[in-house]
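Notes follow once the structure below has been shown.
Side chains are part of it too, since the values below use all heavy atoms of this structure and drop only hydrogens, waters and symmetry mates. Everything numeric in this text was worked out from a predicted model, so none of it was measured. A, B, ... follow the sequence lines: proteins, then strands. Residue 1 opens every chain.
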Number of protein chains: 2
Amino acid sequence: MGTSSTPSRSTRPREKSRSRDNAEKQELRASILRAASEEFLGHGYEGFSLRRVAERVGYTPTTIYLYFRDKDELLFETARDGFVAFDATIQAAATQSDPRERLRALGRAYFEFGVNNAAHYRLMFMQRADFLLPRLVGTAASEELHAAALLDPDSAHRVIAQDLLVGAVRDGIEAGLFRAGEPIAKADALWAGIHGLTALALSPLMSPEHARSVADELLDTLIRGLEP
Amino acid sequence: MGTSSTPSRSTRPREKSRSRDNAEKQELRASILRAASEEFLGHGYEGFSLRRVAERVGYTPTTIYLYFRDKDELLFETARDGFVAFDATIQAAATQSDPRERLRALGRAYFEFGVNNAAHYRLMFMQRADFLLPRLVGTAASEELHAAALLDPDSAHRVIAQDLLVGAVRDGIEAGLFRAGEPIAKADALWAGIHGLTALALSPLMSPEHARSVADELLDTLIRGLEP
DNA sequence: TGCATTTAATTAACACCGTTAATTAAAATA
DNA sequence: TATTTTAATTAACGGTGTTAATTAAATGCA
(Lines give C-alpha, C1' and ligand atoms only; values in the text may rest on other atoms or scores of the structure.)
Protein backbone atom coordinates (compact mmCIF):
# COMPACT_ATOMS: atom_id res chain seq x y z
CA MET A 1 0.00 0.00 0.00
CA GLY A 2 3.06 2.16 -0.04
CA THR A 3 2.94 2.65 -3.81
CA SER A 4 0.29 4.66 -5.56
CA SER A 5 0.93 3.19 -9.02
CA THR A 6 -1.62 0.91 -10.64
CA PRO A 7 -0.24 -2.61 -10.37
CA SER A 8 -2.07 -4.57 -13.04
CA ARG A 9 -1.74 -3.51 -16.65
CA SER A 10 -5.39 -3.52 -17.56
CA THR A 11 -7.22 -0.68 -15.83
CA ARG A 12 -9.44 -2.02 -13.05
CA PRO A 13 -12.25 0.51 -13.22
CA ARG A 14 -13.95 -0.67 -16.37
CA GLU A 15 -15.99 2.00 -18.05
CA LYS A 16 -18.48 -0.53 -19.34
CA SER A 17 -19.89 -3.48 -17.43
CA ARG A 18 -21.91 -1.26 -15.16
CA SER A 19 -25.22 -1.46 -16.89
CA ARG A 20 -27.06 -3.97 -14.74
CA ASP A 21 -25.57 -3.79 -11.28
CA ASN A 22 -25.10 -0.05 -11.29
CA ALA A 23 -28.72 0.42 -12.21
CA GLU A 24 -29.71 -1.79 -9.28
CA LYS A 25 -27.47 0.19 -6.98
CA GLN A 26 -29.04 3.42 -8.10
CA GLU A 27 -32.41 1.85 -7.54
CA LEU A 28 -31.66 0.86 -3.97
CA ARG A 29 -30.11 4.23 -3.32
CA ALA A 30 -33.28 5.86 -4.56
CA SER A 31 -35.47 3.69 -2.38
CA ILE A 32 -33.33 4.48 0.64
CA LEU A 33 -33.80 8.12 -0.18
CA ARG A 34 -37.52 7.59 -0.51
CA ALA A 35 -37.68 5.92 2.90
CA ALA A 36 -35.52 8.67 4.36
CA SER A 37 -37.89 11.28 3.04
CA GLU A 38 -40.89 9.58 4.64
CA GLU A 39 -38.94 9.25 7.85
CA PHE A 40 -37.94 12.91 7.80
CA LEU A 41 -41.43 14.13 6.99
CA GLY A 42 -42.88 11.93 9.70
CA HIS A 43 -40.42 12.49 12.53
CA GLY A 44 -38.70 15.75 11.65
CA TYR A 45 -35.07 16.66 12.03
CA GLU A 46 -34.63 15.73 15.66
CA GLY A 47 -36.43 12.42 15.34
CA PHE A 48 -34.77 11.41 12.09
CA SER A 49 -33.22 7.99 12.70
CA LEU A 50 -30.84 6.23 10.32
CA ARG A 51 -31.67 2.89 11.86
CA ARG A 52 -35.36 3.39 11.24
CA VAL A 53 -34.68 4.36 7.65
CA ALA A 54 -32.79 1.10 7.24
CA GLU A 55 -35.56 -0.89 8.85
CA ARG A 56 -38.10 0.83 6.65
CA VAL A 57 -36.26 -0.13 3.49
CA GLY A 58 -35.67 -3.68 4.74
CA TYR A 59 -31.91 -3.59 5.26
CA THR A 60 -29.57 -3.48 8.22
CA PRO A 61 -28.30 -0.08 9.38
CA THR A 62 -24.78 -0.65 8.10
CA THR A 63 -26.02 -1.11 4.56
CA ILE A 64 -26.89 2.59 4.46
CA TYR A 65 -23.19 3.32 4.74
CA LEU A 66 -22.57 1.61 1.40
CA TYR A 67 -24.68 4.29 -0.24
CA PHE A 68 -24.14 7.36 1.94
CA ARG A 69 -21.10 8.52 3.84
CA ASP A 70 -23.03 9.03 7.07
CA LYS A 71 -26.35 10.15 8.50
CA ASP A 72 -25.64 13.75 7.66
CA GLU A 73 -25.11 13.07 3.98
CA LEU A 74 -28.27 10.98 3.86
CA LEU A 75 -30.17 13.85 5.41
CA PHE A 76 -28.59 16.34 3.06
CA GLU A 77 -29.60 14.32 0.02
CA THR A 78 -33.06 14.03 1.49
CA ALA A 79 -33.22 17.80 1.80
CA ARG A 80 -32.66 18.26 -1.93
CA ASP A 81 -36.39 17.94 -2.53
CA GLY A 82 -36.93 20.96 -0.36
CA PHE A 83 -34.34 22.95 -2.26
CA VAL A 84 -35.89 22.42 -5.66
CA ALA A 85 -39.43 22.93 -4.40
CA PHE A 86 -38.35 26.18 -2.79
CA ASP A 87 -36.68 27.27 -5.98
CA ALA A 88 -39.74 26.56 -8.07
CA THR A 89 -42.06 28.34 -5.68
CA ILE A 90 -39.97 31.47 -5.47
CA GLN A 91 -39.16 31.60 -9.14
CA ALA A 92 -42.82 31.27 -10.07
CA ALA A 93 -43.73 34.19 -7.84
CA ALA A 94 -41.43 36.74 -9.47
CA THR A 95 -43.64 37.50 -12.46
CA GLN A 96 -45.10 40.89 -11.62
CA SER A 97 -43.48 43.84 -13.34
CA ASP A 98 -44.17 46.41 -10.63
CA PRO A 99 -41.29 46.02 -8.16
CA ARG A 100 -43.60 46.63 -5.21
CA GLU A 101 -46.04 43.94 -6.32
CA ARG A 102 -43.16 41.66 -7.17
CA LEU A 103 -41.76 42.02 -3.68
CA ARG A 104 -45.15 41.38 -2.17
CA ALA A 105 -45.62 38.26 -4.27
CA LEU A 106 -42.13 37.03 -3.40
CA GLY A 107 -42.75 37.58 0.28
CA ARG A 108 -46.07 35.83 0.23
CA ALA A 109 -44.67 32.89 -1.75
CA TYR A 110 -41.76 32.60 0.67
CA PHE A 111 -44.06 32.60 3.67
CA GLU A 112 -46.50 30.14 2.15
CA PHE A 113 -43.70 27.78 1.18
CA GLY A 114 -42.52 27.75 4.76
CA VAL A 115 -45.97 27.11 6.20
CA ASN A 116 -46.80 24.45 3.62
CA ASN A 117 -43.42 22.71 3.82
CA ALA A 118 -42.70 23.08 7.49
CA ALA A 119 -40.22 20.25 7.88
CA HIS A 120 -38.19 21.26 4.85
CA TYR A 121 -38.24 24.95 5.68
CA ARG A 122 -37.16 24.29 9.24
CA LEU A 123 -34.31 22.13 8.03
CA MET A 124 -33.12 24.48 5.27
CA PHE A 125 -33.35 27.81 7.06
CA MET A 126 -33.45 27.06 10.76
CA GLN A 127 -31.94 23.78 11.87
CA ARG A 128 -29.38 23.09 9.16
CA ALA A 129 -28.75 26.36 7.40
CA ASP A 130 -25.22 25.04 6.89
CA PHE A 131 -26.66 22.88 4.13
CA LEU A 132 -26.67 26.05 2.06
CA LEU A 133 -23.37 27.67 1.29
CA PRO A 134 -22.09 29.10 4.55
CA ARG A 135 -21.30 32.74 5.12
CA LEU A 136 -22.07 34.03 1.67
CA VAL A 137 -23.80 37.21 2.68
CA GLY A 138 -21.73 39.98 4.13
CA THR A 139 -18.37 38.37 3.70
CA ALA A 140 -15.37 40.16 2.26
CA ALA A 141 -15.13 38.21 -0.98
CA SER A 142 -18.87 38.36 -1.39
CA GLU A 143 -18.81 38.85 -5.14
CA GLU A 144 -16.60 35.89 -5.95
CA LEU A 145 -18.41 33.67 -3.53
CA HIS A 146 -21.65 34.73 -5.09
CA ALA A 147 -20.42 33.77 -8.54
CA ALA A 148 -19.04 30.48 -7.25
CA ALA A 149 -22.26 29.76 -5.44
CA LEU A 150 -24.24 30.07 -8.64
CA LEU A 151 -22.07 27.36 -10.18
CA ASP A 152 -22.60 25.11 -7.20
CA PRO A 153 -26.04 23.55 -7.59
CA ASP A 154 -26.33 23.03 -3.86
CA SER A 155 -26.14 26.67 -2.97
CA ALA A 156 -27.69 28.16 -6.07
CA HIS A 157 -31.11 28.13 -4.44
CA ARG A 158 -30.98 30.89 -1.97
CA VAL A 159 -28.65 32.81 -4.24
CA ILE A 160 -31.40 32.75 -6.82
CA ALA A 161 -33.97 33.77 -4.23
CA GLN A 162 -31.69 36.50 -2.98
CA ASP A 163 -31.00 37.72 -6.51
CA LEU A 164 -34.72 37.98 -7.15
CA LEU A 165 -35.13 40.09 -4.03
CA VAL A 166 -32.14 42.29 -4.79
CA GLY A 167 -33.31 42.65 -8.38
CA ALA A 168 -36.76 43.79 -7.36
CA VAL A 169 -35.31 46.31 -4.93
CA ARG A 170 -32.88 47.60 -7.55
CA ASP A 171 -35.62 47.89 -10.14
CA GLY A 172 -37.69 49.82 -7.64
CA ILE A 173 -34.87 52.21 -6.91
CA GLU A 174 -34.13 52.75 -10.59
CA ALA A 175 -37.80 53.38 -11.28
CA GLY A 176 -37.84 55.98 -8.53
CA LEU A 177 -40.34 53.96 -6.54
CA PHE A 178 -37.91 53.31 -3.67
CA ARG A 179 -35.42 55.52 -1.92
CA ALA A 180 -31.82 55.22 -3.00
CA GLY A 181 -29.45 53.06 -1.00
CA GLU A 182 -27.67 49.76 -0.87
CA PRO A 183 -29.98 47.23 -2.55
CA ILE A 184 -28.39 44.21 -0.87
CA ALA A 185 -28.91 45.58 2.62
CA LYS A 186 -32.50 46.46 1.80
CA ALA A 187 -33.14 43.05 0.29
CA ASP A 188 -31.61 41.37 3.33
CA ALA A 189 -33.90 43.42 5.54
CA LEU A 190 -36.88 42.15 3.57
CA TRP A 191 -35.56 38.61 3.74
CA ALA A 192 -35.02 38.86 7.48
CA GLY A 193 -38.55 40.13 8.00
CA ILE A 194 -40.33 37.44 6.07
CA HIS A 195 -38.04 34.74 7.38
CA GLY A 196 -38.73 35.86 10.92
CA LEU A 197 -42.45 35.72 10.43
CA THR A 198 -42.22 32.32 8.78
CA ALA A 199 -40.09 31.02 11.64
CA LEU A 200 -42.60 32.32 14.18
CA ALA A 201 -45.45 30.76 12.23
CA LEU A 202 -43.67 27.41 12.51
CA SER A 203 -43.17 27.84 16.25
CA PRO A 204 -45.67 27.63 19.10
CA LEU A 205 -45.29 31.37 19.58
CA MET A 206 -47.63 32.29 16.75
CA SER A 207 -50.40 30.44 15.00
CA PRO A 208 -50.09 30.14 11.21
CA GLU A 209 -53.43 31.88 10.78
CA HIS A 210 -52.43 34.89 12.81
CA ALA A 211 -49.05 34.91 11.09
CA ARG A 212 -50.75 35.03 7.70
CA SER A 213 -52.54 38.24 8.60
CA VAL A 214 -49.35 39.66 10.08
CA ALA A 215 -47.62 38.82 6.80
CA ASP A 216 -49.81 41.33 4.98
CA GLU A 217 -49.08 43.94 7.62
CA LEU A 218 -45.36 43.21 7.48
CA LEU A 219 -45.07 43.36 3.70
CA ASP A 220 -47.16 46.53 3.60
CA THR A 221 -44.99 48.18 6.23
CA LEU A 222 -41.72 47.09 4.67
CA ILE A 223 -42.62 48.12 1.12
CA ARG A 224 -44.00 51.45 2.29
CA GLY A 225 -40.81 51.91 4.25
CA LEU A 226 -38.81 51.54 1.07
CA GLU A 227 -40.73 54.28 -0.71
CA PRO A 228 -39.39 57.82 -0.88
CA MET B 1 -49.56 -4.23 46.82
CA GLY B 2 -52.93 -4.68 45.25
CA THR B 3 -54.36 -1.53 46.72
CA SER B 4 -53.91 1.75 45.02
CA SER B 5 -54.53 3.82 48.10
CA THR B 6 -51.59 5.53 49.71
CA PRO B 7 -51.51 4.37 53.29
CA SER B 8 -47.99 5.31 54.22
CA ARG B 9 -46.59 7.29 51.36
CA SER B 10 -43.24 8.82 52.11
CA THR B 11 -44.15 12.03 50.32
CA ARG B 12 -45.42 13.61 53.46
CA PRO B 13 -44.39 17.24 53.23
CA ARG B 14 -43.35 17.98 56.74
CA GLU B 15 -43.57 21.67 57.43
CA LYS B 16 -40.79 21.56 60.00
CA SER B 17 -37.49 19.67 60.06
CA ARG B 18 -36.19 21.30 56.91
CA SER B 19 -33.40 23.44 58.23
CA ARG B 20 -30.20 21.48 57.60
CA ASP B 21 -30.89 18.87 55.00
CA ASN B 22 -33.07 21.02 52.84
CA ALA B 23 -30.40 23.68 52.65
CA GLU B 24 -27.90 21.06 51.51
CA LYS B 25 -30.32 19.78 48.94
CA GLN B 26 -30.82 23.25 47.60
CA GLU B 27 -27.10 23.65 47.47
CA LEU B 28 -26.54 20.53 45.40
CA ARG B 29 -29.44 21.45 43.18
CA ALA B 30 -27.84 24.81 42.58
CA SER B 31 -24.49 23.28 41.75
CA ILE B 32 -26.14 20.87 39.32
CA LEU B 33 -27.75 23.88 37.69
CA ARG B 34 -24.42 25.62 37.56
CA ALA B 35 -22.83 22.62 35.86
CA ALA B 36 -25.79 22.36 33.51
CA SER B 37 -25.38 25.99 32.55
CA GLU B 38 -21.72 25.49 31.71
CA GLU B 39 -22.60 22.39 29.78
CA PHE B 40 -25.32 24.18 27.85
CA LEU B 41 -23.16 27.19 27.07
CA GLY B 42 -20.33 24.94 25.96
CA HIS B 43 -22.19 22.36 23.89
CA GLY B 44 -25.45 24.06 23.00
CA TYR B 45 -28.91 22.56 22.89
CA GLU B 46 -28.16 19.59 20.67
CA GLY B 47 -25.00 18.64 22.53
CA PHE B 48 -26.46 19.09 26.00
CA SER B 49 -25.91 15.83 27.85
CA LEU B 50 -27.41 14.93 31.20
CA ARG B 51 -24.73 12.35 31.82
CA ARG B 52 -22.00 14.90 31.30
CA VAL B 53 -23.70 17.31 33.67
CA ALA B 54 -23.70 14.58 36.29
CA GLU B 55 -20.05 13.79 35.68
CA ARG B 56 -19.19 17.46 35.88
CA VAL B 57 -20.81 17.80 39.27
CA GLY B 58 -19.29 14.56 40.50
CA TYR B 59 -22.38 12.38 40.78
CA THR B 60 -23.88 9.50 38.85
CA PRO B 61 -26.46 10.28 36.18
CA THR B 62 -29.34 8.90 38.19
CA THR B 63 -28.72 11.34 41.00
CA ILE B 64 -29.91 14.15 38.72
CA TYR B 65 -33.34 12.56 38.78
CA LEU B 66 -33.58 13.18 42.51
CA TYR B 67 -33.50 16.91 41.81
CA PHE B 68 -35.12 17.23 38.38
CA ARG B 69 -37.92 15.27 36.78
CA ASP B 70 -35.98 14.64 33.59
CA LYS B 71 -33.51 16.17 31.17
CA ASP B 72 -36.11 18.56 29.84
CA GLU B 73 -36.86 20.06 33.23
CA LEU B 74 -33.16 20.44 33.94
CA LEU B 75 -32.76 22.27 30.67
CA PHE B 76 -35.79 24.43 31.34
CA GLU B 77 -34.45 25.49 34.72
CA THR B 78 -31.12 26.18 33.07
CA ALA B 79 -32.87 28.43 30.57
CA ARG B 80 -34.26 30.65 33.34
CA ASP B 81 -31.08 32.71 33.30
CA GLY B 82 -31.77 33.58 29.70
CA PHE B 83 -35.32 34.63 30.50
CA VAL B 84 -34.38 37.09 33.19
CA ALA B 85 -31.42 38.47 31.23
CA PHE B 86 -33.69 39.00 28.25
CA ASP B 87 -36.24 40.72 30.42
CA ALA B 88 -33.70 43.08 31.90
CA THR B 89 -32.20 43.94 28.53
CA ILE B 90 -35.52 44.72 26.90
CA GLN B 91 -36.95 46.57 29.85
CA ALA B 92 -33.87 48.76 30.10
CA ALA B 93 -34.19 49.73 26.44
CA ALA B 94 -37.71 51.13 26.62
CA THR B 95 -36.79 54.50 28.11
CA GLN B 96 -37.12 56.86 25.16
CA SER B 97 -40.30 58.89 25.05
CA ASP B 98 -40.53 59.23 21.27
CA PRO B 99 -42.29 56.06 20.09
CA ARG B 100 -40.10 55.85 16.99
CA GLU B 101 -36.91 56.07 18.99
CA ARG B 102 -38.32 53.70 21.59
CA LEU B 103 -39.05 51.13 18.89
CA ARG B 104 -35.59 51.58 17.47
CA ALA B 105 -34.00 51.10 20.87
CA LEU B 106 -36.15 48.06 21.57
CA GLY B 107 -35.22 46.52 18.25
CA ARG B 108 -31.55 47.15 18.72
CA ALA B 109 -31.61 45.77 22.26
CA TYR B 110 -33.46 42.67 21.09
CA PHE B 111 -30.96 42.07 18.31
CA GLU B 112 -27.94 42.67 20.51
CA PHE B 113 -29.29 40.35 23.18
CA GLY B 114 -29.59 37.61 20.62
CA VAL B 115 -26.10 38.09 19.23
CA ASN B 116 -24.53 38.40 22.69
CA ASN B 117 -26.46 35.49 24.19
CA ALA B 118 -26.57 33.17 21.23
CA ALA B 119 -27.14 29.90 23.05
CA HIS B 120 -29.91 31.29 25.21
CA TYR B 121 -31.60 33.14 22.36
CA ARG B 122 -31.53 30.06 20.19
CA LEU B 123 -33.04 27.98 22.95
CA MET B 124 -35.74 30.49 23.93
CA PHE B 125 -36.92 31.61 20.51
CA MET B 126 -35.80 28.98 18.04
CA GLN B 127 -35.18 25.52 19.40
CA ARG B 128 -37.47 25.41 22.43
CA ALA B 129 -39.99 28.17 21.97
CA ASP B 130 -42.38 25.87 23.83
CA PHE B 131 -40.56 26.90 27.00
CA LEU B 132 -42.55 30.11 26.72
CA LEU B 133 -46.29 29.92 27.00
CA PRO B 134 -47.49 28.18 23.88
CA ARG B 135 -49.87 29.69 21.42
CA LEU B 136 -50.54 32.93 23.19
CA VAL B 137 -50.49 35.21 20.19
CA GLY B 138 -53.37 35.03 17.80
CA THR B 139 -55.47 32.61 19.75
CA ALA B 140 -59.15 33.06 20.37
CA ALA B 141 -59.01 33.72 24.09
CA SER B 142 -56.03 35.95 23.63
CA GLU B 143 -57.03 38.46 26.27
CA GLU B 144 -57.56 35.97 29.07
CA LEU B 145 -54.45 34.06 28.16
CA HIS B 146 -52.55 37.28 28.14
CA ALA B 147 -53.71 38.11 31.64
CA ALA B 148 -52.98 34.61 32.85
CA ALA B 149 -49.56 34.70 31.24
CA LEU B 150 -48.62 37.78 33.17
CA LEU B 151 -49.34 35.91 36.38
CA ASP B 152 -47.22 33.00 35.28
CA PRO B 153 -43.61 33.96 35.86
CA ASP B 154 -42.42 31.56 33.19
CA SER B 155 -44.27 33.24 30.38
CA ALA B 156 -44.27 36.78 31.65
CA HIS B 157 -41.08 37.53 29.76
CA ARG B 158 -42.12 37.73 26.20
CA VAL B 159 -45.51 39.09 27.24
CA ILE B 160 -43.65 41.98 28.80
CA ALA B 161 -41.53 42.39 25.70
CA GLN B 162 -44.59 42.19 23.52
CA ASP B 163 -46.43 44.69 25.68
CA LEU B 164 -43.56 47.13 25.32
CA LEU B 165 -43.71 46.78 21.56
CA VAL B 166 -47.48 47.09 21.40
CA GLY B 167 -47.34 50.05 23.78
CA ALA B 168 -44.83 51.89 21.65
CA VAL B 169 -46.89 51.30 18.53
CA ARG B 170 -50.06 52.42 20.27
CA ASP B 171 -48.37 55.53 21.60
CA GLY B 172 -47.15 56.30 18.11
CA ILE B 173 -50.62 55.93 16.65
CA GLU B 174 -52.19 58.08 19.34
CA ALA B 175 -49.55 60.74 18.83
CA GLY B 176 -50.32 60.74 15.12
CA LEU B 177 -46.82 59.57 14.29
CA PHE B 178 -48.01 56.23 12.89
CA ARG B 179 -50.92 55.29 10.65
CA ALA B 180 -53.99 53.92 12.37
CA GLY B 181 -54.49 50.20 12.53
CA GLU B 182 -54.30 47.14 14.72
CA PRO B 183 -51.39 47.75 17.12
CA ILE B 184 -50.88 44.06 17.88
CA ALA B 185 -50.49 43.09 14.24
CA LYS B 186 -48.07 45.96 13.69
CA ALA B 187 -46.09 45.05 16.78
CA ASP B 188 -45.96 41.43 15.68
CA ALA B 189 -44.66 42.54 12.30
CA LEU B 190 -41.88 44.42 14.04
CA TRP B 191 -41.14 41.46 16.27
CA ALA B 192 -41.03 39.11 13.30
CA GLY B 193 -38.62 41.38 11.48
CA ILE B 194 -36.11 41.76 14.26
CA HIS B 195 -36.43 38.12 15.27
CA GLY B 196 -35.75 37.07 11.70
CA LEU B 197 -32.65 39.17 11.47
CA THR B 198 -31.42 37.90 14.83
CA ALA B 199 -32.02 34.33 13.74
CA LEU B 200 -30.09 34.89 10.52
CA ALA B 201 -27.27 36.54 12.45
CA LEU B 202 -27.03 33.37 14.55
CA SER B 203 -26.97 31.17 11.45
CA PRO B 204 -24.22 30.61 8.91
CA LEU B 205 -26.35 32.48 6.37
CA MET B 206 -25.38 35.92 7.60
CA SER B 207 -22.45 37.22 9.56
CA PRO B 208 -23.26 39.11 12.75
CA GLU B 209 -21.40 42.15 11.43
CA HIS B 210 -23.40 42.31 8.25
CA ALA B 211 -26.57 41.64 10.21
CA ARG B 212 -25.84 44.58 12.47
CA SER B 213 -25.79 46.97 9.53
CA VAL B 214 -28.92 45.33 8.12
CA ALA B 215 -30.53 45.89 11.51
CA ASP B 216 -30.33 49.63 11.04
CA GLU B 217 -31.77 49.34 7.55
CA LEU B 218 -34.54 47.08 8.80
CA LEU B 219 -35.56 49.26 11.72
CA ASP B 220 -35.44 52.36 9.53
CA THR B 221 -37.61 50.71 6.90
CA LEU B 222 -40.11 49.30 9.36
CA ILE B 223 -40.51 52.51 11.35
CA ARG B 224 -40.83 54.58 8.19
CA GLY B 225 -43.39 52.09 6.99
CA LEU B 226 -45.48 52.74 10.07
CA GLU B 227 -45.57 56.48 9.48
CA PRO B 228 -48.52 58.12 7.73
C1' DT C 1 -16.10 -25.27 -16.85
C1' DG C 2 -13.65 -24.25 -12.22
C1' DC C 3 -11.07 -21.15 -9.44
C1' DA C 4 -10.09 -16.56 -7.79
C1' DT C 5 -11.55 -12.06 -6.90
C1' DT C 6 -14.46 -8.41 -6.30
C1' DT C 7 -18.75 -6.76 -4.39
C1' DA C 8 -22.94 -6.53 -1.34
C1' DA C 9 -24.77 -7.38 2.66
C1' DT C 10 -24.38 -9.14 7.03
C1' DT C 11 -23.19 -9.81 12.25
C1' DA C 12 -20.63 -8.18 16.17
C1' DA C 13 -19.06 -4.64 18.75
C1' DC C 14 -18.19 0.13 20.67
C1' DA C 15 -19.36 4.32 22.82
C1' DC C 16 -22.64 7.09 23.68
C1' DC C 17 -27.55 8.64 25.18
C1' DG C 18 -31.98 9.15 28.56
C1' DT C 19 -34.40 6.62 31.82
C1' DT C 20 -36.35 3.05 35.33
C1' DA C 21 -35.88 -0.34 38.98
C1' DA C 22 -33.50 -2.48 42.54
C1' DT C 23 -30.06 -1.95 46.05
C1' DT C 24 -26.79 -0.20 49.30
C1' DA C 25 -25.19 3.08 52.81
C1' DA C 26 -25.98 6.75 55.69
C1' DA C 27 -28.72 9.79 58.42
C1' DA C 28 -32.87 10.84 61.20
C1' DT C 29 -36.41 9.29 64.11
C1' DA C 30 -38.70 6.50 67.62
C1' DT D 1 -30.55 0.78 70.11
C1' DA D 2 -33.75 -0.49 66.57
C1' DT D 3 -36.32 1.26 62.83
C1' DT D 4 -37.48 4.07 59.29
C1' DT D 5 -36.57 7.58 56.05
C1' DT D 6 -33.46 9.56 52.78
C1' DA D 7 -29.55 9.94 49.42
C1' DA D 8 -26.89 7.94 46.39
C1' DT D 9 -25.51 4.05 44.11
C1' DT D 10 -25.23 -0.10 40.65
C1' DA D 11 -27.48 -2.71 37.13
C1' DA D 12 -30.12 -2.82 33.32
C1' DC D 13 -33.09 -1.56 29.09
C1' DG D 14 -33.78 0.23 24.73
C1' DG D 15 -32.26 3.51 21.77
C1' DT D 16 -28.70 6.16 18.81
C1' DG D 17 -24.62 6.60 15.05
C1' DT D 18 -20.64 4.28 13.54
C1' DT D 19 -16.49 1.00 12.60
C1' DA D 20 -14.42 -3.49 11.86
C1' DA D 21 -14.68 -8.18 10.76
C1' DT D 22 -17.19 -11.70 8.30
C1' DT D 23 -20.22 -14.19 5.32
C1' DA D 24 -22.49 -15.03 0.85
C1' DA D 25 -23.28 -13.97 -3.70
C1' DA D 26 -21.99 -12.25 -8.22
C1' DT D 27 -18.36 -11.50 -11.47
C1' DG D 28 -13.81 -12.06 -14.01
C1' DC D 29 -10.52 -14.89 -15.89
C1' DA D 30 -7.96 -19.21 -17.24
Side-chain angles (χ1 to χ4, degrees), chain A residues 1 6-32 35-36 39-40 42-78 128, chain B residues 1 6-32 35-36 39-40 42-78 128:
Chain A
M1 50 184 72
T6 56
S8 69
R9 51 187 71 255
S10 65
T11 53
R12 284 295 125 191
R14 296 232 165 225
E15 296 306 322
K16 314 177 89 171
S17 85
R18 51 162 131 106
S19 45
R20 278 290 121 76
D21 53 336
N22 223 325
E24 289 171 18
K25 280 200 76 168
Q26 292 290 74
E27 201 174 303
L28 177 49
R29 195 190 132 96
S31 96
I32 291 174
E39 185 65 19
F40 169 67
H43 293 80
Y45 174 62
E46 313 222 301
F48 182 75
S49 158
L50 180 144
R51 291 180 105 106
R52 268 207 308 269
V53 170
E55 192 181 24
R56 194 168 211 137
V57 80
Y59 285 83
T60 50
T62 48
T63 300
I64 309 290
Y65 288 85
L66 301 177
Y67 297 86
F68 300 92
R69 183 159 38 75
D70 54 14
K71 183 192 179 185
D72 216 57
E73 184 177 292
L74 173 60
L75 187 64
F76 178 80
E77 296 301 324
T78 301
R128 294 305 302 273
Chain B
M1 53 169 72
T6 61
S8 67
R9 283 296 280 163
S10 61
T11 51
R12 199 149 312 282
R14 296 238 166 215
E15 296 307 323
K16 314 177 94 174
S17 82
R18 52 162 137 112
S19 46
R20 276 291 119 77
D21 53 336
N22 224 324
E24 288 170 20
K25 281 200 76 168
Q26 292 290 76
E27 201 175 302
L28 176 49
R29 195 190 132 97
S31 96
I32 291 174
E39 186 66 18
F40 170 67
H43 293 80
Y45 175 62
E46 312 220 303
F48 183 75
S49 157
L50 180 144
R51 290 178 105 106
R52 269 207 306 270
V53 171
E55 193 181 22
R56 194 168 213 136
V57 81
Y59 285 83
T60 50
T62 48
T63 299
I64 308 290
Y65 289 85
L66 301 177
Y67 296 86
F68 300 91
R69 185 158 36 74
D70 53 15
K71 183 192 180 185
D72 217 55
E73 185 176 291
L74 173 60
L75 187 65
F76 178 80
E77 295 302 324
T78 301
R128 294 305 300 273

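Close to dC17(C), at under 4.0 Å from its OP1 or OP2, lies a side-chain N or O of Ser49(B). Look at Thr63(B) and you won't find any side-chain N or O under 4.0 angstrom from OP1 or OP2 of dA7(D). At least one side-chain nitrogen or oxygen of Arg52(B) sits closer than 4.0 Å to the OP1 or OP2 atom of dC17(C).
When each of dA9(C), dT11(C), dT16(D) is scored by its nearest atom to the side-chain atoms of Thr62(A), the top-ranked nucleotide is dT11(C). Of the candidate nucleotides dT9(D), dT18(D), dT19(C), dT19(C) has the atom nearest to the side chain of Lys71(B).
Rounded to a whole Å, the OH atom of Tyr67(A) is 13 Å from the P atom of dT7(C). The distance from atom CZ of Arg51(B) to atom P of dT19(C) is 11 Å, rounded to the nearest whole Å. One can place CG of Leu66(A) at 17 Å from P of dA25(D), the figure rounded to the nearest angstrom. Here the C1' atom of nucleotide dA7(D) and the CD atom of Gln26(B) are 15 Å apart, to the nearest Å. The CD1 atom of Ile64(B) sits 14 Å away from the P atom of dT20(C) (whole-angstrom rounding). Whole-Å rounding puts the Phe48(B) CZ to dT16(D) C1' distance at 18 Å. To the nearest angstrom, P of dC16(C) lies 16 Å from CG of Leu50(B). At whole-Å resolution of the value, OH in Tyr65(A) and P in dT10(C) are 14 Å apart.
In this structure, Asp72(A) contributes its side chain and Leu75(A) its backbone to no donor-acceptor pair below 3.5 Å. Side-chain N or O atoms of Arg52(A) include one that pairs as donor or acceptor with a backbone N or O of Gly47(A) at under 3.5 Å.
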- Task: Let me see the working for Glu77(B) and Tyr67(B) under side-chain contact (heavy atoms from CB on, under 4.5 Å), right down to the final yes or no.
- Result: CA-CA 11 Å; Glu77(B) 295 302 324; Tyr67(B) 296 86; over 6 Å; no

- Task: May I have the step-by-step check of side-chain contact (heavy atoms from CB on, under 4.5 Å) for Leu50(B) and Phe68(B), ending in yes or no?
- Result: CA-CA 11 Å; Leu50(B) 180 144; Phe68(B) 300 91; over 6 Å; no

- Task: Start with the C-alpha distance between Lys71(B) and Phe48(B), add both sets of side-chain angles, then the distance that settles side-chain contact (heavy atoms from CB on, under 4.5 Å), and finish with yes or no.
- Result: CA-CA 9 Å; Lys71(B) 183 192 180 185; Phe48(B) 183 75; 3.7 Å; yes

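Where Pro61(B) and Asp72(A) each meet DNA chain D at their nearest nucleotide, the meeting point lying more 5' is that of Pro61(B).
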